Amino acid sequence: MSQVLDAATIETINAYDSEKRFQYCVKEVVANRQIWILIDEDGCVMLNTEEEDCVPVWPNEEFAQAWANGDWEHCKPEAISLNKWHSRWTHGLADDDLSVVVFPNADQEGVIVFPDEFDFELKKQAQKR
């Protein structure tokens, strides 16, 4: 189970650039064995770029919850086990031609990867443990 992050830690991590947030996210997801998404009554929240439809993911509940405001205030964070991510989500997202935006910040900036690329990075990190 993940530990609760204090405000100073959250502020520090939010100041990371997209690539550093990506690396942090991969490490945290593997360490905690869960990944966070936002859901509403229709399912998983999506973000859209000019080229791609993306599912945003976060490493900790606190970061996902911080996104549940404005247009997304009706959404709630939900944890997905790493096993379920590997067994269902990676293939499901790929089948639906969706990408993953990893740990987007308040400006909606994050690293966008294909589901299999994200899965590869998670498995590579797991082998380091």
Side-chain angles (χ1 to χ4, degrees):
M1 204 63 182
S2 62
Q3 64 186 35
V4 176
L5 300 175
D6 63 47
T9 303
I10 291 170
E11 188 176 332
T12 298
I13 295 165
N14 276 330
Y16 290 174
D17 66 19
S18 294
E19 187 58 39
K20 195 167 179 181
R21 284 195 321 280
F22 178 87
Q23 295 303 325
Y24 172 85
C25 186
V26 168
K27 288 178 184 171
E28 280 291 289
V29 165
V30 170
N32 297 323
R33 310 271 320 142
Q34 62 186 8
I35 192 165
W36 290 87
I37 60 169
L38 280 179
I39 61 166
D40 62 16
E41 64 278 354
D42 298 320
C44 184
V45 168
M46 306 279 290
L47 293 177
N48 308 91
T49 68
E50 292 178 14
E51 298 92 28
E52 302 171 275
D53 294 329
C54 305
V55 172
V57 298
W58 293 272
N60 312 89
E61 181 177 13
E62 293 87 347
F63 295 113
Q65 183 64 55
W67 262 69
N69 61 52
D71 291 342
W72 295 290
E73 65 187 350
H74 61 287
C75 300
K76 64 179 186 171
E78 180 169 282
I80 299 169
S81 74
L82 192 53
N83 289 341
K84 185 186 275 188
W85 184 268
H86 289 314
S87 67
R88 289 199 207 147
W89 279 76
T90 298
H91 302 295
L93 293 172
D95 289 347
D96 292 339
D97 289 326
L98 298 173
S99 293
V100 178
V101 58
V102 180
F103 199 174
N105 63 11
D107 296 327
Q108 299 188 15
E109 296 168 340
V111 174
I112 298 173
V113 293
F114 292 115
D116 59 336
E117 292 174 301
F118 188 52
D119 208 54
F120 174 80
E121 291 297 328
L122 292 171
K123 288 176 178 173
K124 189 168 80 174
Q125 178 63 34
Q127 290 173 350
K128 293 179 184 177
R129 292 182 56 98

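Everything numeric in this text was worked out from a predicted model, so none of it was measured.
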How far does [atom1] of [X] sit from [atom2] of [Y], to the nearest 0.5 angstrom?
| X | Y | atom1 | atom2 | answer |
| --- | --- | --- | --- | --- |
| R21 | Y16 | CZ | OH | 11.0 Å |
| C54 | N48 | SG | CG | 7.5 Å |
| Q65 | C75 | CD | SG | 10.0 Å |
| E73 | D40 | CD | CG | 12.0 Å |
| E28 | Q125 | CD | CD | 10.0 Å |
| K124 | E121 | NZ | CD | 4.0 Å |

Mind checking whether [X] and [Y] have side chains closer than 4.5 Å, heavy atoms only?
| X | Y | answer |
| --- | --- | --- |
| L82 | V29 | yes |
| N32 | N60 | yes |
| I13 | F63 | yes |
| W58 | P104 | yes |
| R88 | I80 | no |
| K76 | L38 | no |

Q: State, to 0.1 Å, how close P56 and I37 come at their nearest heavy-atom pair, and which atoms those are.
A: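 So the two residues come closest at O-CG2, 4.0 Å.
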Q: Mind listing the closest non-hydrogen atom pair of W67 and A106 along with its distance?
A: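 Minimum heavy-atom contact is NE1-N, 4.4 Å.
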Q: Report the C-alpha separation of V26 and L122 in whole Å, then their side-chain angles, then the decisive distance to 0.1 Å, and conclude whether the side chain to side chain contact (heavy atoms under 4.5 Å, CB included) test is met.
A: CA-CA 6 Å; V26 168; L122 292 171; 4.2 Å; yes
Q: Could you check K128 against K27 for side chain to side chain contact (heavy atoms under 4.5 Å, CB included), going step by step and ending with a plain yes or no?
A: CA-CA 10 Å; K128 293 179 184 177; K27 288 178 184 171; over 6 Å; no
Q: Say whether, by atom type as modelled, one donor and one acceptor occur between the side chain of E52 and the main chain of S99 under 3.5 angstrom.
A: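 No.
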**Q.** Joint hydrophobic cluster, F120 plus V55, side-chain heavy atoms closer than 4.5 Å
**A.**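 Different clusters: F120 never reaches V55 through Ile, Leu, Val, Met, Phe, Trp or Tyr contacts under 4.5 Å.
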Listing, residues 108-119 side-chain donor-acceptor contacts under 3.5 Å, not counting sequence neighbours, or none:
from: E109; atom 1: OE1; to: N105; atom 2: ND2; distance (Å): 3.3
from: E117; atom 1: OE1; to: F114; atom 2: N; distance (Å): 2.7
from: D119; atom 1: OD1; to: H86; atom 2: ND1; distance (Å): 2.5
from: D119; atom 1: OD1; to: T90; atom 2: OG1; distance (Å): 3.0
from: D119; atom 1: OD2; to: K123; atom 2: NZ; distance (Å): 3.1

Q) In this structure, are over 12 heavy atoms from other groups packed under 6.0 Å from E41 atom CD? A)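 Above 12, so yes.
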Q. Under 3.5 Å, is there a donor-acceptor pair linking the side chains of E19 and Q23?
A.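 Short answer, yes.
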Q: Please list, chain by chain and in numerical order, all residues satisfying ring-ring contact (aromatic ring centres under 6.0 Å, His included) with W89, sequence neighbours excluded.
A: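 W89 satisfies ring-ring contact (aromatic ring centres under 6.0 Å, His included) with W85 only.
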